[in-house]
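Reading through the structure tokens given below for one structure.
Just so you know, ligand 1 is whichever comes first in the structure, and atom 1 is the first atom listed for that ligand.
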Amino acid sequence: MPDLDDVQDGKNYHIGVPMQSNAFFLKGSNSLDWGMKNRLARVFNPATAKTVMLAVDHGYFQGPTTGLERIDISIVPLVPYADALMITRGALRTSIPAEMSKPVVLRSTGGQSILKELSNELVAVDIEDAVRLNASAMAVQVYIGGPHEHQSIGNLVKVVDAGNRQGIPTLAVTGVGKELARDAKYLGLATRICAEMGAHFVKTYFCEKAFARVAAACPVPLVIAGGKKLPELEALKMAYEAIDQGAAGVDMGRNIFQGDAPIAMIQAVRAVVHDREKPDKAYELYLSLKKDAARTGPSAAVPNRSRS
Ligand code: 5RP
């Protein structure tokens, strides 16, 4: 029985004060549904409109990649420092504790290996499984100019449509074949096609010349991959340049987990991305955190499940 005595006339109607209506903080995302925006706001930090995603999905086509041989040992300690984890469902279920609260960007295409043509992918996760895994986004590889370009765009369209039905955003990842130049002209073409086909955010590579044009012409947030392992200062400079020229963050893998001090490196990357720290300063931070970690010993490499 409802307690009718408690139903009183309210007073705080704020008559004359217009209903608040704020623009969503990510570019190109204002017209999305609430669930979609809420998931994007888990992947991107609303305070900075940026993200540091940790990419550990390399095993889906290249097996036990250096640094990812044991995800439970090498990656779990890094999770607390990432804004989101890009990972396959197999690695997630087997190696990441479900208690962690970071958003998952679920690798959702695959079906080839480094022994074969990489662009020959298919959709490799059912949308129901993405929901079951509480994915905050799904990631699809798109090979513009590759032998299976048409098929990979088809995969993107399928995942975007399935995700739109459930409110799960799609990250399009521009896979670049060895024969293609990673220049602004190519990356501009690839990223724009991904956005026009409905991707909610796009991952691509940084290029030295005219990256600002790539970022400007992509109507949704753009994050950059780290690519092959570089010396730490170079990787930090690349992240800085990318952010400076319009990237909304990084989705970095090897330049974090293949280094000597991954926990120090991810914190230095965060300083560049979220605090706009200059690369030299971020590198100093890296060196000092690395020194601290060396002092505290190998315990830093052991998963500490209470942290995530
Ligand atoms: C595979 C991917 C990888 O997740 C991504 O490229 C890895 O990041 P990094 O290049 O920084 O190791 O999307 O194509």
Side-chain angles (χ1 to χ4, degrees), residues 43 51-69 71 74-75 78 81-92 96 103-114 116-125 135 137-146 148-149 152 155-156 159 170-178 180 182 187 190-191 194 199 201-207 222-232 234-243 247 249-259 262 265-266 268-270 272-273:
V43 174
T51 186
V52 174
M53 294 169 54
L54 178 63
V56 297
D57 60 329
H58 308 54
Y60 95 94
F61 68 102
Q62 58 184 41
T65 306
T66 305
L68 297 180
E69 299 88 340
I71 287 177
S74 62
I75 299 304
L78 293 174
Y81 302 96
D83 293 312
L85 190 61
M86 183 189 191
I87 191 165
T88 62
R89 61 177 166 182
L92 186 65
I96 302 290
V104 168
V105 178
L106 190 65
R107 161 60 58 187
S108 300
T109 54
Q112 37 47 314
S113 78
I114 38 168
K116 293 273 176 66
E117 168 50 44
L118 284 182
S119 66
N120 193 10
E121 286 199 343
L122 39 83
V123 176
V125 172
M138 295 176 290
V140 172
Q141 210 78 3
V142 179
Y143 293 92
I144 300 302
H148 298 275
E149 172 189 274
S152 71
N155 293 339
L156 174 63
V159 172
T170 298
L171 168 67
V173 183
T174 60
V176 186
K178 284 195 184 88
L180 295 164
R182 290 183 189 181
L187 298 176
T191 54
C194 290
F201 56 128
V202 177
K203 169 173 171 174
T204 196
Y205 292 95
F206 178 69
C207 57
L222 203 57
V223 295
I224 61 147
K228 280 190 189 147
K229 176 77 181 70
L230 300 166
E232 278 72 14
E234 275 179 48
L236 293 168
K237 279 183 180 162
M238 179 176 68
Y240 183 87
E241 280 300 316
I243 299 294
V250 301
D251 183 15
M252 204 174 253
R254 289 163 286 177
N255 275 292
I256 292 173
F257 63 71
Q258 287 185 345
M265 183 59 179
I266 194 168
V269 173
R270 291 190 70 80
V272 167
V273 171

Ignoring hydrogens and angles, tell me if any N or O in the side chain of Ser113 forms a donor-acceptor pair with the backbone of Gln62 under 3.5 Å. no
Check whether any side-chain heavy atom of Leu236 lies under 4.5 Å from a side-chain heavy atom of Val269, and answer yes or no. yes
Mind checking side chain to side chain contact (heavy atoms under 4.5 Å, CB included) for Ala242 and listing every partner two or more places apart, or none if nothing turns up? Phe206, Phe211, Ile224, Ala247
Using a 3.5 Å cut-off on N/O to N/O, what pairs does ligand 1 make with the protein? A line per pair would be great.
residue, atom, partner, partner atom, Å
ligand 1, 4 (O), Asp57, OD1, 2.3
ligand 1, 4 (O), Asp57, OD2, 3.3
ligand 1, 4 (O), Lys203, NZ, 3.3
ligand 1, 10 (O), Gly227, N, 2.8
ligand 1, 10 (O), Arg254, NH2, 2.8
ligand 1, 11 (O), Gly226, N, 2.9
ligand 1, 11 (O), Gly227, N, 3.3
ligand 1, 11 (O), Gly253, N, 2.8
ligand 1, 12 (O), His58, NE2, 2.7
ligand 1, 12 (O), Arg254, N, 3.0
ligand 1, 12 (O), Arg254, NE, 2.8
ligand 1, 13 (O), Arg107, NH2, 3.4
ligand 1, 13 (O), Lys203, NZ, 3.3
ligand 1, 14 (O), Gln141, NE2, 2.7

Non-hydrogen side-chain atoms of Val173 and Arg107 separated by less than 4.5 Å: yes
Is any side-chain heavy atom of Ile75 closer than 4.5 Å to one of Leu85? yes
Leu92 and side chain to side chain contact (heavy atoms under 4.5 Å, CB included): which single residue from Ile71, Val104, Val56, Asp57 fits? Val104
